Amino acid sequence: RKIRVAVIFGGRSPEHEISCVTAGGVISAIDTDRYEVVPIGIARDGSWVLYSADPGQLAIVDGRLPEVLTSGPELAVPFSGATDLIVLEGDSSRRLGGFDAVLPLLHGPLGEDGTIQGLFEMMDARYAGAGVFASAASMDKVFMKALFTGHGIPTGDYVAVPDRMWRGERKRVLDDIAELGGTVFVKPARGGSSVGISKVPDASDTDAVTAAVEAARRHDPKVIVEAAVPGREVECGVLESLDGGAPDVSQPAEIHVADGFDFYDFEAKYLSTSGLTIPAELPAEVVAEIRREAARTFEALGCEGLARVDFFYGDDGRVYVNEINTMPGFTPSSAFPQMWAESGLDYTSLVDRMIQTALRRAPGLR
Ligand code: ADP
Ligand code: MG
Ligand code: MG
(Lines give C-alpha, C1' and ligand atoms only; values in the text may rest on other atoms or scores of the structure.)
(Ligands and ions follow the chains in the order given, each with its own letter.)
Protein backbone atom coordinates (compact mmCIF):
# COMPACT_ATOMS: atom_id res chain seq x y z
CA ARG A 1 0.00 0.00 0.00
CA LYS A 2 1.03 3.60 -0.45
CA ILE A 3 2.68 5.52 2.38
CA ARG A 4 0.09 7.88 3.86
CA VAL A 5 1.39 11.36 4.49
CA ALA A 6 -0.55 14.02 6.37
CA VAL A 7 0.41 17.44 5.01
CA ILE A 8 -0.52 20.07 7.58
CA PHE A 9 -0.57 23.76 6.61
CA GLY A 10 -2.04 27.17 7.35
CA GLY A 11 -2.05 27.68 11.08
CA ARG A 12 -2.68 30.49 13.49
CA SER A 13 0.47 32.57 12.93
CA PRO A 14 0.84 35.63 10.71
CA GLU A 15 2.66 33.32 8.27
CA HIS A 16 -0.59 31.41 7.57
CA GLU A 17 -0.63 32.30 3.87
CA ILE A 18 3.03 31.54 3.29
CA SER A 19 2.46 28.10 4.79
CA CYS A 20 -0.42 27.57 2.32
CA VAL A 21 1.85 28.49 -0.59
CA THR A 22 4.47 26.03 0.69
CA ALA A 23 1.82 23.28 0.94
CA GLY A 24 0.60 24.00 -2.59
CA GLY A 25 4.14 23.42 -3.89
CA VAL A 26 4.73 20.27 -1.85
CA ILE A 27 1.37 18.67 -2.64
CA SER A 28 1.77 19.26 -6.38
CA ALA A 29 5.28 17.79 -6.42
CA ILE A 30 4.85 14.78 -4.14
CA ASP A 31 5.39 11.41 -5.84
CA THR A 32 1.81 10.06 -5.90
CA ASP A 33 2.94 6.60 -7.04
CA ARG A 34 4.51 6.13 -3.63
CA TYR A 35 2.60 8.46 -1.35
CA GLU A 36 -1.04 9.14 -0.58
CA VAL A 37 -1.45 12.73 0.58
CA VAL A 38 -3.99 13.70 3.25
CA PRO A 39 -4.12 17.51 3.09
CA ILE A 40 -5.06 19.04 6.44
CA GLY A 41 -5.57 22.78 6.79
CA ILE A 42 -5.47 24.66 10.08
CA ALA A 43 -7.68 27.72 9.77
CA ARG A 44 -6.78 31.03 11.39
CA ASP A 45 -9.20 30.27 14.22
CA GLY A 46 -7.27 27.07 14.97
CA SER A 47 -9.82 24.58 13.64
CA TRP A 48 -8.48 21.65 11.63
CA VAL A 49 -10.21 20.84 8.34
CA LEU A 50 -9.81 18.20 5.70
CA TYR A 51 -8.75 20.26 2.70
CA SER A 52 -10.70 19.15 -0.32
CA ALA A 53 -10.19 22.01 -2.77
CA ASP A 54 -7.71 21.92 -5.64
CA PRO A 55 -4.17 22.33 -4.20
CA GLY A 56 -3.48 24.51 -7.25
CA GLN A 57 -5.42 27.22 -5.40
CA LEU A 58 -2.71 27.30 -2.74
CA ALA A 59 -0.61 29.85 -4.62
CA ILE A 60 -0.02 33.58 -4.88
CA VAL A 61 -2.21 34.79 -7.76
CA ASP A 62 -2.01 38.46 -8.82
CA GLY A 63 -0.41 39.35 -5.48
CA ARG A 64 -3.29 37.68 -3.57
CA LEU A 65 -2.25 35.21 -0.87
CA PRO A 66 -4.16 31.93 -0.28
CA GLU A 67 -5.69 30.87 3.04
CA VAL A 68 -7.43 27.91 4.68
CA LEU A 69 -11.19 28.34 4.79
CA THR A 70 -13.25 26.49 7.37
CA SER A 71 -15.51 25.02 4.68
CA GLY A 72 -14.11 21.44 4.64
CA PRO A 73 -15.14 18.69 7.08
CA GLU A 74 -13.76 19.49 10.52
CA LEU A 75 -11.25 17.20 12.20
CA ALA A 76 -10.86 16.33 15.87
CA VAL A 77 -7.38 15.63 17.17
CA PRO A 78 -6.88 12.66 19.49
CA PHE A 79 -4.32 13.14 22.22
CA SER A 80 -2.51 9.95 22.93
CA GLY A 81 -0.82 7.22 20.95
CA ALA A 82 -3.10 7.47 17.91
CA THR A 83 -2.19 9.06 14.60
CA ASP A 84 -5.83 8.75 13.71
CA LEU A 85 -7.85 11.92 13.29
CA ILE A 86 -11.62 11.94 13.64
CA VAL A 87 -13.63 13.47 10.81
CA LEU A 88 -16.67 15.30 12.17
CA GLU A 89 -19.62 15.27 9.79
CA GLY A 90 -22.68 16.86 11.30
CA ASP A 91 -23.83 14.65 14.15
CA SER A 92 -21.84 11.67 12.94
CA SER A 93 -18.12 11.07 12.85
CA ARG A 94 -15.70 8.66 11.24
CA ARG A 95 -12.06 7.78 11.64
CA LEU A 96 -9.75 9.18 9.03
CA GLY A 97 -7.40 6.22 9.49
CA GLY A 98 -3.81 6.40 10.64
CA PHE A 99 -0.99 7.94 8.64
CA ASP A 100 2.65 7.00 8.36
CA ALA A 101 4.28 10.40 8.35
CA VAL A 102 3.36 14.02 9.01
CA LEU A 103 4.72 17.04 7.18
CA PRO A 104 3.96 20.04 9.39
CA LEU A 105 4.51 22.72 6.74
CA LEU A 106 3.79 25.46 9.25
CA HIS A 107 5.71 28.65 9.89
CA GLY A 108 5.81 30.76 13.02
CA PRO A 109 4.21 30.40 16.46
CA LEU A 110 1.97 27.33 17.06
CA GLY A 111 3.53 25.56 14.09
CA GLU A 112 7.28 26.00 14.03
CA ASP A 113 7.81 26.63 17.73
CA GLY A 114 7.55 23.17 19.30
CA THR A 115 3.89 23.34 20.29
CA ILE A 116 2.46 21.21 17.49
CA GLN A 117 5.59 19.06 17.65
CA GLY A 118 4.60 18.31 21.26
CA LEU A 119 1.18 17.22 20.04
CA PHE A 120 2.82 14.90 17.50
CA GLU A 121 4.98 13.38 20.24
CA MET A 122 1.83 12.73 22.27
CA MET A 123 0.25 11.07 19.22
CA ASP A 124 3.36 8.94 18.49
CA ALA A 125 3.35 10.49 15.03
CA ARG A 126 6.48 10.45 12.88
CA TYR A 127 6.84 14.03 11.73
CA ALA A 128 9.33 15.87 9.57
CA GLY A 129 11.63 18.49 10.98
CA ALA A 130 12.91 19.67 14.32
CA GLY A 131 11.58 18.28 17.58
CA VAL A 132 10.02 20.14 20.49
CA PHE A 133 13.10 21.76 22.01
CA ALA A 134 14.94 22.57 18.78
CA SER A 135 11.78 24.11 17.33
CA ALA A 136 11.17 26.24 20.42
CA ALA A 137 14.78 27.36 20.75
CA SER A 138 15.03 28.22 17.05
CA MET A 139 11.77 30.16 17.04
CA ASP A 140 12.75 32.38 19.97
CA LYS A 141 15.54 34.67 18.75
CA VAL A 142 16.63 35.44 22.33
CA PHE A 143 17.17 31.78 23.30
CA MET A 144 18.59 31.12 19.84
CA LYS A 145 21.22 33.83 20.33
CA ALA A 146 22.10 32.47 23.79
CA LEU A 147 22.68 29.02 22.30
CA PHE A 148 24.77 30.49 19.47
CA THR A 149 26.93 32.27 22.01
CA GLY A 150 27.24 29.15 24.17
CA HIS A 151 28.51 27.20 21.17
CA GLY A 152 30.86 29.90 19.90
CA ILE A 153 28.77 30.48 16.79
CA PRO A 154 29.48 34.02 15.53
CA THR A 155 26.44 36.30 15.77
CA GLY A 156 25.71 40.01 16.15
CA ASP A 157 25.13 41.95 19.40
CA TYR A 158 21.64 42.28 20.78
CA VAL A 159 19.46 43.36 23.71
CA ALA A 160 16.56 41.20 24.86
CA VAL A 161 13.39 43.13 25.75
CA PRO A 162 11.02 40.86 27.69
CA ASP A 163 7.57 42.25 28.47
CA ARG A 164 8.26 42.88 32.15
CA MET A 165 11.48 44.80 31.44
CA TRP A 166 9.75 47.00 28.87
CA ARG A 167 6.94 47.82 31.27
CA GLY A 168 9.04 48.11 34.43
CA GLU A 169 12.59 49.07 33.50
CA ARG A 170 12.19 50.93 30.23
CA LYS A 171 14.86 53.54 30.84
CA ARG A 172 17.53 50.93 31.48
CA VAL A 173 16.41 48.93 28.43
CA LEU A 174 16.57 52.04 26.22
CA ASP A 175 20.07 52.81 27.58
CA ASP A 176 21.22 49.28 26.74
CA ILE A 177 19.77 49.62 23.23
CA ALA A 178 21.48 53.00 22.75
CA GLU A 179 24.78 51.33 23.63
CA LEU A 180 24.42 49.01 20.65
CA GLY A 181 25.09 52.18 18.61
CA GLY A 182 24.31 52.88 14.96
CA THR A 183 21.46 51.16 13.14
CA VAL A 184 19.38 48.52 14.94
CA PHE A 185 16.73 45.98 13.91
CA VAL A 186 13.78 45.64 16.27
CA LYS A 187 11.98 42.29 16.04
CA PRO A 188 9.27 40.23 17.69
CA ALA A 189 11.37 37.56 19.48
CA ARG A 190 9.24 34.75 18.04
CA GLY A 191 8.30 35.68 14.51
CA GLY A 192 9.17 35.04 10.92
CA SER A 193 8.77 36.33 7.36
CA SER A 194 9.99 39.70 8.74
CA VAL A 195 6.51 40.36 10.18
CA GLY A 196 6.69 43.14 12.81
CA ILE A 197 10.37 43.99 12.15
CA SER A 198 11.58 47.59 11.84
CA LYS A 199 14.94 49.08 11.04
CA VAL A 200 15.87 52.09 13.16
CA PRO A 201 18.81 54.15 11.83
CA ASP A 202 19.94 55.48 15.22
CA ALA A 203 19.93 53.31 18.36
CA SER A 204 19.94 56.40 20.59
CA ASP A 205 16.82 57.88 18.97
CA THR A 206 14.58 56.96 21.91
CA ASP A 207 11.31 57.91 20.20
CA ALA A 208 12.04 55.89 17.07
CA VAL A 209 13.22 52.88 19.12
CA THR A 210 10.11 53.09 21.33
CA ALA A 211 7.81 53.18 18.28
CA ALA A 212 9.63 50.17 16.79
CA VAL A 213 9.42 48.19 20.05
CA GLU A 214 5.70 48.95 20.29
CA ALA A 215 5.25 47.79 16.68
CA ALA A 216 7.06 44.51 17.41
CA ARG A 217 5.03 44.06 20.61
CA ARG A 218 1.84 44.01 18.56
CA HIS A 219 3.05 40.54 17.48
CA ASP A 220 4.92 39.34 20.54
CA PRO A 221 5.28 40.72 24.08
CA LYS A 222 8.92 39.60 23.91
CA VAL A 223 11.14 41.69 21.64
CA ILE A 224 14.78 41.54 20.57
CA VAL A 225 16.82 44.52 19.37
CA GLU A 226 19.88 43.72 17.29
CA ALA A 227 22.83 45.77 16.09
CA ALA A 228 22.69 45.91 12.29
CA VAL A 229 25.40 43.94 10.53
CA PRO A 230 26.30 45.86 7.36
CA GLY A 231 27.12 43.43 4.60
CA ARG A 232 25.66 40.82 2.28
CA GLU A 233 22.90 38.34 3.10
CA VAL A 234 23.60 34.65 2.51
CA GLU A 235 21.52 31.53 3.28
CA CYS A 236 22.43 27.88 3.49
CA GLY A 237 20.28 24.72 3.54
CA VAL A 238 20.92 21.85 5.95
CA LEU A 239 19.47 18.32 5.88
CA GLU A 240 19.77 15.55 8.40
CA SER A 241 21.91 12.81 6.89
CA LEU A 242 20.22 9.55 5.98
CA ASP A 243 23.08 7.42 7.30
CA GLY A 244 23.44 8.89 10.78
CA GLY A 245 26.47 10.97 9.80
CA ALA A 246 27.08 14.72 9.90
CA PRO A 247 24.33 16.83 8.32
CA ASP A 248 24.41 17.59 4.59
CA VAL A 249 24.84 21.23 3.65
CA SER A 250 23.72 22.86 0.39
CA GLN A 251 25.43 25.42 -1.78
CA PRO A 252 24.79 28.84 -0.20
CA ALA A 253 22.60 31.47 -1.83
CA GLU A 254 23.09 35.22 -1.80
CA ILE A 255 19.94 37.30 -1.47
CA HIS A 256 19.51 40.38 -3.60
CA VAL A 257 16.79 42.52 -2.12
CA ALA A 258 14.77 44.26 -4.83
CA ASP A 259 15.35 47.98 -5.40
CA GLY A 260 13.34 50.29 -3.20
CA PHE A 261 13.42 48.06 -0.10
CA ASP A 262 15.43 48.96 2.95
CA PHE A 263 15.90 45.34 3.99
CA TYR A 264 14.45 41.88 3.29
CA ASP A 265 10.98 42.64 4.67
CA PHE A 266 7.73 40.74 3.99
CA GLU A 267 7.01 42.48 0.71
CA ALA A 268 10.60 42.15 -0.49
CA LYS A 269 10.45 38.44 0.30
CA TYR A 270 7.18 37.45 -1.35
CA LEU A 271 5.81 40.25 -3.47
CA SER A 272 8.81 41.75 -5.23
CA THR A 273 11.54 40.94 -7.71
CA SER A 274 14.09 40.08 -5.02
CA GLY A 275 16.38 37.37 -6.33
CA LEU A 276 19.00 34.81 -5.42
CA THR A 277 22.45 33.96 -6.74
CA ILE A 278 23.22 30.27 -6.26
CA PRO A 279 25.91 29.36 -5.56
CA ALA A 280 26.70 32.66 -3.85
CA GLU A 281 29.68 34.37 -5.48
CA LEU A 282 31.96 34.56 -2.47
CA PRO A 283 35.60 33.64 -1.85
CA ALA A 284 35.98 29.86 -1.50
CA GLU A 285 37.13 30.11 2.11
CA VAL A 286 34.06 32.19 3.01
CA VAL A 287 31.76 29.62 1.40
CA ALA A 288 33.54 26.88 3.34
CA GLU A 289 33.15 28.79 6.60
CA ILE A 290 29.45 29.44 5.95
CA ARG A 291 28.80 25.77 5.22
CA ARG A 292 30.73 24.70 8.30
CA GLU A 293 28.85 27.14 10.54
CA ALA A 294 25.52 26.07 9.00
CA ALA A 295 26.12 22.45 10.04
CA ARG A 296 27.40 23.54 13.48
CA THR A 297 24.34 25.72 14.02
CA PHE A 298 22.00 22.86 13.03
CA GLU A 299 23.68 20.57 15.55
CA ALA A 300 24.04 23.20 18.29
CA LEU A 301 20.27 23.70 18.27
CA GLY A 302 19.66 19.95 18.13
CA CYS A 303 17.74 20.20 14.85
CA GLU A 304 16.42 17.24 12.88
CA GLY A 305 15.21 16.82 9.32
CA LEU A 306 15.85 20.18 7.74
CA ALA A 307 16.70 23.79 8.49
CA ARG A 308 17.87 26.93 6.74
CA VAL A 309 20.65 28.89 8.39
CA ASP A 310 20.84 32.58 7.46
CA PHE A 311 24.04 34.61 7.51
CA PHE A 312 25.53 38.01 7.01
CA TYR A 313 28.88 38.24 5.27
CA GLY A 314 29.87 41.45 6.96
CA ASP A 315 31.68 44.34 5.31
CA ASP A 316 34.31 43.63 7.99
CA GLY A 317 35.04 40.31 6.22
CA ARG A 318 33.50 38.23 9.03
CA VAL A 319 30.69 35.71 8.87
CA TYR A 320 27.73 36.13 11.26
CA VAL A 321 24.80 33.79 11.78
CA ASN A 322 21.57 35.83 11.70
CA GLU A 323 19.10 33.06 12.47
CA ILE A 324 18.03 29.47 11.91
CA ASN A 325 14.60 28.51 10.51
CA THR A 326 13.41 24.99 11.28
CA MET A 327 10.64 25.08 8.64
CA PRO A 328 11.99 27.32 5.90
CA GLY A 329 9.84 28.55 3.03
CA PHE A 330 9.39 25.54 0.80
CA THR A 331 7.68 26.60 -2.42
CA PRO A 332 9.50 25.49 -5.58
CA SER A 333 10.85 29.04 -5.95
CA SER A 334 11.90 29.45 -2.30
CA ALA A 335 15.57 29.70 -1.41
CA PHE A 336 15.73 26.36 0.41
CA PRO A 337 14.60 24.13 -2.52
CA GLN A 338 16.54 26.29 -4.99
CA MET A 339 19.75 25.80 -3.03
CA TRP A 340 19.20 22.04 -2.95
CA ALA A 341 18.37 21.96 -6.65
CA GLU A 342 21.75 23.63 -7.30
CA SER A 343 23.31 21.04 -5.00
CA GLY A 344 21.87 18.11 -6.99
CA LEU A 345 18.60 17.40 -5.16
CA ASP A 346 15.50 18.41 -7.11
CA TYR A 347 12.23 19.51 -5.50
CA THR A 348 10.46 16.14 -5.64
CA SER A 349 13.54 14.38 -4.22
CA LEU A 350 13.74 16.97 -1.46
CA VAL A 351 10.11 16.35 -0.47
CA ASP A 352 10.87 12.64 -0.60
CA ARG A 353 13.89 13.13 1.66
CA MET A 354 11.76 15.04 4.14
CA ILE A 355 9.24 12.19 4.28
CA GLN A 356 12.01 9.57 4.57
CA THR A 357 13.59 11.31 7.57
CA ALA A 358 10.14 11.53 9.16
CA LEU A 359 9.53 7.79 8.61
CA ARG A 360 12.89 6.94 10.19
CA ARG A 361 12.12 8.97 13.26
CA ALA A 362 11.62 6.90 16.39
CA PRO A 363 8.86 8.28 18.62
CA GLY A 364 9.99 9.44 22.06
CA LEU A 365 13.47 10.45 23.17
CA ARG A 366 16.19 10.36 20.55
P1 ADP B 1 12.64 36.61 10.23
O2 ADP B 1 12.76 35.46 11.16
O3 ADP B 1 11.31 37.28 10.31
O4 ADP B 1 13.05 36.27 8.82
P5 ADP B 1 15.18 38.03 10.43
O6 ADP B 1 15.94 38.09 11.70
O7 ADP B 1 15.73 37.12 9.40
O8 ADP B 1 13.67 37.72 10.77
O9 ADP B 1 15.13 39.48 9.84
C10 ADP B 1 14.50 39.75 8.61
C11 ADP B 1 15.40 40.57 7.69
O12 ADP B 1 15.80 41.79 8.33
C13 ADP B 1 16.71 39.89 7.35
O14 ADP B 1 16.54 38.99 6.28
C15 ADP B 1 17.59 41.09 7.00
O16 ADP B 1 17.29 41.62 5.71
C17 ADP B 1 17.15 42.12 8.01
N18 ADP B 1 17.95 42.04 9.24
C19 ADP B 1 17.54 41.45 10.39
N20 ADP B 1 18.49 41.56 11.36
C21 ADP B 1 19.51 42.21 10.80
C22 ADP B 1 20.79 42.64 11.29
N23 ADP B 1 21.17 42.41 12.55
N24 ADP B 1 21.62 43.31 10.43
C25 ADP B 1 21.24 43.55 9.15
N26 ADP B 1 20.04 43.18 8.64
C27 ADP B 1 19.17 42.53 9.44
MG1 MG C 1 13.21 33.49 10.66
MG1 MG D 1 14.92 35.60 8.25
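Just so it is clear, the structure is predicted and the values come from calculations on it, not from any experiment. Every number for a ligand or one of its atoms is a count from 1 in the order of the listing.
Residue D346 places its CG atom among more than 12 non-hydrogen atoms of other residues, nucleotides or ligands, all under 6.0 Å distant. R318 CZ: 12 or fewer foreign heavy atoms inside a 6.0 Å radius.
The protein heavy atom nearest to atom 24 (N) of ligand 1 is V229 N, 2.8 Å. Nearest protein heavy-atom neighbour of atom 10 (C) of ligand 1: S194 OG, 3.3 Å. Nearest non-hydrogen protein atom to atom 14 (O) of ligand 1 is E233 OE2, 2.4 Å. At the top of the distance list for atom 2 (O) of ligand 1, counting protein heavy atoms only, stands K141 NZ, 2.7 Å. Counting only heavy atoms of the protein, atom 12 (O) of ligand 1 lies nearest to F263 CD1, 3.2 Å. Annotation: atom 11 (C) of ligand 1 to nearest protein heavy atom, Y264 O, 3.7 Å. Atom 23 (N) of ligand 1 has its closest protein heavy atom at A227 O, 3.0 Å. Among all protein heavy atoms, the one lying closest to atom 6 (O) of ligand 1 is K187 NZ, 2.6 Å.
When heavy-atom distances to ligand 1 are checked against a 4.0 Å cut-off, P230 has no atom that comes that close, whether in backbone or side chain. Counting heavy atoms under 4.0 Å from ligand 1, residue K269 touches it through the side chain alone.
Counted by atom type alone, D113 and T115 present one or more donor-acceptor pairs between their side chains at under 3.5 Å. For the 3.5 Å distance criterion, the side chains of E240 and T357 fail to qualify, holding no donor opposite an acceptor. At a cut-off of 3.5 Å, with distance as the only test, a side-chain donor of T331 or S334 sits close to an acceptor on the other residue.
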Show, in sequence, the C-alpha distance, side-chain angles and deciding distance for R217 and D163, and conclude whether the salt bridge (Lys or Arg N to Asp or Glu O under 4.0 Å) test is met. CA-CA 8 Å; R217 281 169 55 86; D163 180 48; 2.9 Å; yes
Can you check salt bridge (Lys or Arg N to Asp or Glu O under 4.0 Å) on K141 and D220, steps first, answer last? CA-CA 12 Å; K141 290 179 166 69; D220 189 340; over 6 Å; no
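We find that E323 and K145 are not joined by a salt bridge, their nearest charged nitrogen and carboxylate oxygen being 4.0 Å or further apart. Using a 4.0 Å cut-off between charged nitrogen and carboxylate oxygen, E285 and R292 do not count as a salt-bridge pair.
Counting backbone and side-chain atoms alike, D310 contributes no N/O/S atom closer than 2.8 Å to the Mg ion (ligand 3). Among the atoms of S193, no N, O or S atom is found under 2.8 Å from the Mg ion (ligand 2).
Ring centroids of F312 and Y320 are separated by 6.0 Å or more, keeping the two rings apart.
For G156, the heavy-atom gap to ligand 1 stays at 4.0 angstrom or more. At least one heavy atom of N322 sits closer than 4.0 Å to an atom of ligand 1. Close to ligand 1: F312, with a non-hydrogen atom less than 4.0 angstrom away.
Taking a cut-off of under 4.0 Å to the non-hydrogen atoms of G192, the atoms of ligand 1 that pass are 1 (P), 2 (O), 3 (O).
When distances from the Mg ion (ligand 3) to the N, O or S atoms of E323 are compared, OE2 comes out shortest.
Linking ILVMFWY residues whenever their side-chain heavy atoms come closer than 4.5 Å, directly or via other members, leaves V213 and F263 in distinct clusters. The cluster map of Ile, Leu, Val, Met, Phe, Trp and Tyr, joined by side-chain heavy atoms under 4.5 Å apart, puts V159 and M165 in the same cluster.
When the heavy-atom distances from atom 9 (O) of ligand 1 to T183, I324, I197 are ranked, the shortest goes to I197.
Ligand 1 has no nitrogen or oxygen under 3.5 angstrom from a nitrogen or oxygen of D310.
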